[in-house]
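This report refers to the structure that appears directly beneath it.
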Amino acid sequence: MWPKKGDVKGSYLILKAMLLKQKEPPSEKYLPEQRIAYLYFVISIGLVIVTGIMKVIKNIMGVQPTNGILFWGAQLHNLATVMVILGVVMHLAAFIVKENRKLLPGMFTGYVDEEYVKERHSLWYKKLKKTYEKQY
C-alpha cells in the first residue's frame, strides 16, 4: 500500500493511457496513483492530528506555548484541513473517469467485478488465480 519506486512514472503512464484510450500497463492490487494518494492522506491527516494536539495543549493549565508555535500550529492545521478536503474531493472526482466507475459498488459491498480486476489489476489477478488454483 505504500508508494514504491516508479509509482510517479506508473501514474503518468496510466493517466496517459486513459486519456489516449490506450491499454494501461499491468498493475498490482493498488494502482500507483492509489499508493501515492494513500501517502498524501497519511501525511495530511497526520498533520491535522499533530497540529490539533498542539492547539489543544494551549488549553492545559500551566502550559503556555509561544505565540509563534500557536500561530504556525494554527496555519499548518488550516493547511492540512484544506489538504484533506481537496484529497476527498479529488478521490470522489476519480469516479468521473469511466474506468473507475466500476469501483463504485465496491465501496458499498467490499467486492469488485472480476472482469474489472482482470483488466485493470492484471498482476494482482494472476496472483489471485495462482493462489486459488493451489487451493483447489
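Any value given below was found using the heavy atoms of this structure, including those in side chains, with hydrogens, waters and symmetry copies removed.
Without hydrogens or angle criteria, R120 side chain to S27 main chain gives no donor-acceptor distance under 3.5 Å. In this structure, H121 contributes its side chain and E28 its backbone to a donor-acceptor pair below 3.5 Å.
The NZ atom of K55 sits 7.5 Å away from atom OG1 of T51, with the distance rounded to the nearest 0.5 Å. To the nearest 0.5 Å, the span separating CG on L31 from CD on E99 amounts to 11.0 Å. Taking NE2 from H77 and CG from L70, the interatomic distance works out to 13.0 Å, rounded to the nearest 0.5 Å. The distance from the NZ atom of K16 to the CG atom of L19 is 10.5 Å, given to the nearest 0.5 Å. Atoms CD and CH2, from Q75 and W72 in turn, are 6.5 Å apart once rounded to the nearest 0.5 Å. The CD atom of E24 sits 8.5 Å away from atom CG of L15, with the distance rounded to the nearest 0.5 Å.
Under the 4.5 Å side-chain criterion, counting only non-hydrogen atoms from C-beta, V8 is not in contact with P32. Annotation: side chain of I36 is not in contact with side chain of Y30 (no heavy-atom distance under 4.5 Å). A 4.5 Å side-chain heavy-atom check between K29 and K127 finds every atom pair outside the cut-off. The shortest side-chain heavy-atom distance between V97 and N100 falls under the 4.5 Å cut-off. Taking 4.5 Å as the limit, every side-chain heavy atom of M83 sits out of range of all side-chain heavy atoms of F41. Residues V63 and P65 meet the side-chain proximity criterion, which asks for heavy atoms closer than 4.5 Å. Looking at V112 and K102, their side chains never come closer than 4.5 Å, going by heavy atoms from C-beta outward. Between I53 and I49, the closest side-chain pair of non-hydrogen atoms falls below 4.5 Å.
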- Begin with the C-alpha distance, continue with both residues' side-chain angles, and end with the deciding distance and a verdict on salt bridge (Lys or Arg N to Asp or Glu O under 4.0 Å) for D7 and R35. CA-CA 8 Å; D7 276 353; R35 290 190 292 265; 2.6 Å; yes

- side-chain contact (heavy atoms from CB on, under 4.5 Å) between Y38 and I43: does it pass, once the steps are laid out? CA-CA 9 Å; Y38 177 75; I43 290 169; over 6 Å; no

- Message: Does N78 form a side-chain contact (heavy atoms from CB on, under 4.5 Å) with V82? I'd like the steps, not just the answer.
- Response: CA-CA 6 Å; N78 295 339; V82 169; 5.7 Å; no

- Message: salt bridge (Lys or Arg N to Asp or Glu O under 4.0 Å), that's the test. Do K118 and E115 meet it? Break it down for me.
- Response: CA-CA 5 Å; K118 187 188 288 189; E115 288 303 313; 3.8 Å; yes

- Quick one: do T131 and L128 satisfy side-chain contact (heavy atoms from CB on, under 4.5 Å)? Show the steps, please. CA-CA 5 Å; T131 303; L128 289 173; 5.7 Å; no

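Connection of I69 to I60 is not established within any shared hydrophobic cluster, with ILVMFWY side chains joined at heavy-atom distances below 4.5 Å, either directly or through further cluster members. Linking ILVMFWY residues whenever their side-chain heavy atoms come closer than 4.5 Å, directly or via other members, leaves L47 and L39 in distinct clusters. No continuous path of ILVMFWY side-chain contacts below 4.5 Å connects L103 to L123, so the two sit in separate hydrophobic clusters. Under a hydrophobic-cluster definition in which Ile, Leu, Val, Met, Phe, Trp and Tyr are linked whenever side-chain heavy atoms come within less than 4.5 Å, directly or via other members, M90 and L92 are assigned to different clusters. No chain of hydrophobic side-chain contacts below 4.5 Å, direct or via other Ile, Leu, Val, Met, Phe, Trp or Tyr residues, connects I85 to L76.
More than 12 heavy atoms of other shown residues, nucleotides or ligands fall within 6.0 angstrom of atom CG in N59. Residue F95 places its CZ atom among more than 12 non-hydrogen atoms of other residues, nucleotides or ligands, all under 6.0 Å distant.
For the residue pair E114/Y125, the side-chain donor-acceptor check at 3.5 Å is satisfied.
Of all non-hydrogen atoms in F108 and L104, the two that sit nearest each other are CD1-O, 3.4 Å. Here the closest heavy-atom approach between residue I96 and residue R101 is recorded as O-NH2, 2.7 Å.
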